[in-house]
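Since the structure comes first, as structure tokens, the remarks are kept for the end.
As the structure is a prediction and not an experimental result, all values here were calculated from the model.
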Amino acid sequence: EAEYNASQRQLKRMSGLEKKGNASVSELDDSKRLYDVGAAQLNVAKAKLALSKNILEKTKILAPYQAWVSARMVEQGQLLSPASEMFELLDIQKLKVVFYLLENDINHIGNNQMIDVVIPAVNELKRQAVVAHIGAKQFSGQAGYRVEAIIDNSDFGLRPGFTARITLIPSDRNLGG
């Protein structure tokens, strides 16, 4: 814009000098050409700025679901292609509790059964979970059958990896069937 303003002032000066006969027509033409080039460059710069602002306005980073960012894979100012991974997201609204039961206990639990879960890291927080899967055989490398239960974490108070204590709820208290 500064170049444009300077060429505009120069054109006015040359026009005044040419009218008084102190400048040639070719000098006035050169000033006019520089002014036109400056005006065109200014218009291109304004168009590029408007386009960049439009693209920036439409550029939003949105997760496909409510999630926590567990890892950032990019740095500020880094150029990205459309398919670049930027973040690792964790959906922790429901967490899986994994534990192993010995053969004496496996017959006392069933799918959809409620279990009590105590999380020591969160001031002995007590929640309930629903059994979602019971392994058909003993899990190799573990002493027992793998059991997976789902715990509601819609308040995001828990994090993956927390240690938990499991208590089986007697069947007369269990309405999960």
Side-chain angles (χ1 to χ4, degrees), residues 1-2 40-177:
E1 200 167 328
Q41 288 174 338
L42 180 61
N43 287 338
V44 167
K46 284 181 178 180
K48 284 182 179 180
L49 179 62
L51 179 62
S52 294
K53 283 182 178 179
N54 191 12
I55 289 170
L56 180 61
E57 195 174 287
K58 292 179 180 179
T59 303
K60 292 183 182 175
I61 301 170
L62 299 173
Y65 50 87
Q66 187 172 2
W68 287 85
V69 175
S70 65
R72 185 177 78 183
M73 281 95 159
V74 296
E75 296 299 323
Q76 186 174 0
Q78 182 177 340
L79 295 177
L80 302 172
S81 65
S84 296
E85 285 188 14
M86 297 171 61
F87 303 100
E88 178 181 276
L89 302 177
L90 289 180
D91 180 4
I92 61 171
Q93 292 183 59
K94 293 186 185 288
L95 293 177
K96 185 186 298 184
V97 180
V98 177
F99 58 98
Y100 298 86
L101 287 178
L102 297 174
E103 57 190 34
N104 293 340
D105 297 321
I106 199 68
N107 293 325
H108 301 289
I109 193 168
N111 283 328
N112 298 320
Q113 182 175 337
M114 300 297 287
I115 59 171
D116 286 331
V117 180
V118 176
I119 297 91
V122 190
N123 297 323
E124 299 291 316
L125 178 69
K126 186 176 180 181
R127 298 247 177 118
Q128 287 196 326
V130 178
V131 174
H133 175 76
I134 301 170
K137 64 178 188 155
Q138 285 196 13
F139 200 76
S140 62
Q142 295 291 335
Y145 294 83
R146 180 182 171 108
V147 180
E148 297 175 0
I150 304 299
I151 189 168
D152 179 55
N153 189 36
S154 54
D155 66 351
F156 298 102
L158 304 175
R159 300 287 180 270
F162 280 0
T163 302
R165 286 192 311 270
I166 307 299
T167 304
L168 299 180
I169 299 173
S171 56
D172 61 329
R173 277 187 48 214
N174 192 348
L175 303 175

### Message
Run Thr167 and Val118 through side chain to side chain contact (heavy atoms under 4.5 Å, CB included) and show every step you take.
### Response
CA-CA 8 Å; Thr167 304; Val118 176; 5.5 Å; no
### Query
Going by heavy atoms in the side chains, are Leu95 and Phe162 under 4.5 Å from each other?
no
### Task
Determine the minimum heavy-atom distance between Arg159 and Trp68, stating which atoms define it.
NH2-CH2, 3.4 Å
#### Entry: Nearest-0.5 Å distance, CZ of residue Phe99 to CG of residue Asp105
10.0 Å
### Message
Main chain of Asp152, side chain of Arg127: is a donor-acceptor contact present, judged purely on distance under 3.5 Å?
### Response
yes
### Task
For the pair Phe156 and Gln93, evaluate side chain to side chain contact (heavy atoms under 4.5 Å, CB included) and give the outcome as yes or no after the intermediate values.
CA-CA 6 Å; Phe156 298 102; Gln93 292 183 59; 3.5 Å; yes
### Message
Contact between Asn54 and Leu56 at the side-chain level, heavy atoms closer than 4.5 Å - yes or no?
### Response
no
### Task
Please examine the side chains of Leu90 and Pro160, heavy atoms only from C-beta on, and report whether any two atoms are closer than 4.5 Å.
yes
### Query
Would you call Lys126 and Glu124 a salt bridge, using N to O less than 4.0 angstrom?
no
### salt bridge (charged side-chain N to carboxylate O under 4.0 Å, His left out) involving Glu75 - partner list, sequence neighbours excluded
Arg72
### Task
Would you name the heavy atoms of Tyr100 and Arg146 that are closest together and state the gap between them?
OH-NH1, 3.4 Å
### Task
Using the test side-chain contact (heavy atoms from CB on, under 4.5 Å), find all partners of Val130 that sit at least two apart in sequence or belong to another chain.
Asn112, Met114
### Inter-residue atom distance His108.NE2 - Ile106.CD1, 0.5 Å rounding
10.0 Å
### Task
Would you check if Asn111 and Ile134 make a side-chain contact, meaning some heavy-atom pair closer than 4.5 Å?
yes
### Exercise: identify the closest heavy-atom pair between Ala164 and Pro120
CA-CD, 4.3 Å
### Query
Going by atom types only, do Gln128 and Asp116 share a side-chain donor-acceptor pair under 3.5 Å?
yes
### Query
Can you check side chain to side chain contact (heavy atoms under 4.5 Å, CB included) on Val117 and Ile166, steps first, answer last?
CA-CA 5 Å; Val117 180; Ile166 307 299; 3.9 Å; yes
### Query
Is the number of heavy atoms from other residues, nucleotides or ligands under 6.0 Å of Gln78 CD greater than 12?
yes
### Query
If only atom types and distance count, is the side chain of Asn153 paired as donor or acceptor with the main-chain N or O of Gly157 below 3.5 Å?
yes
### Query
Are any of the side-chain heavy atoms of Leu125 and Leu158 separated by less than 4.5 Å?
yes
#### Entry: Side-chain heavy-atom pair Val147, Ile115 within 4.5 angstrom cut-off
no
### Summary
Minimal heavy-atom distance between Ile150 and Ala132, with the atoms involved, is CG1-CB, 3.9 Å
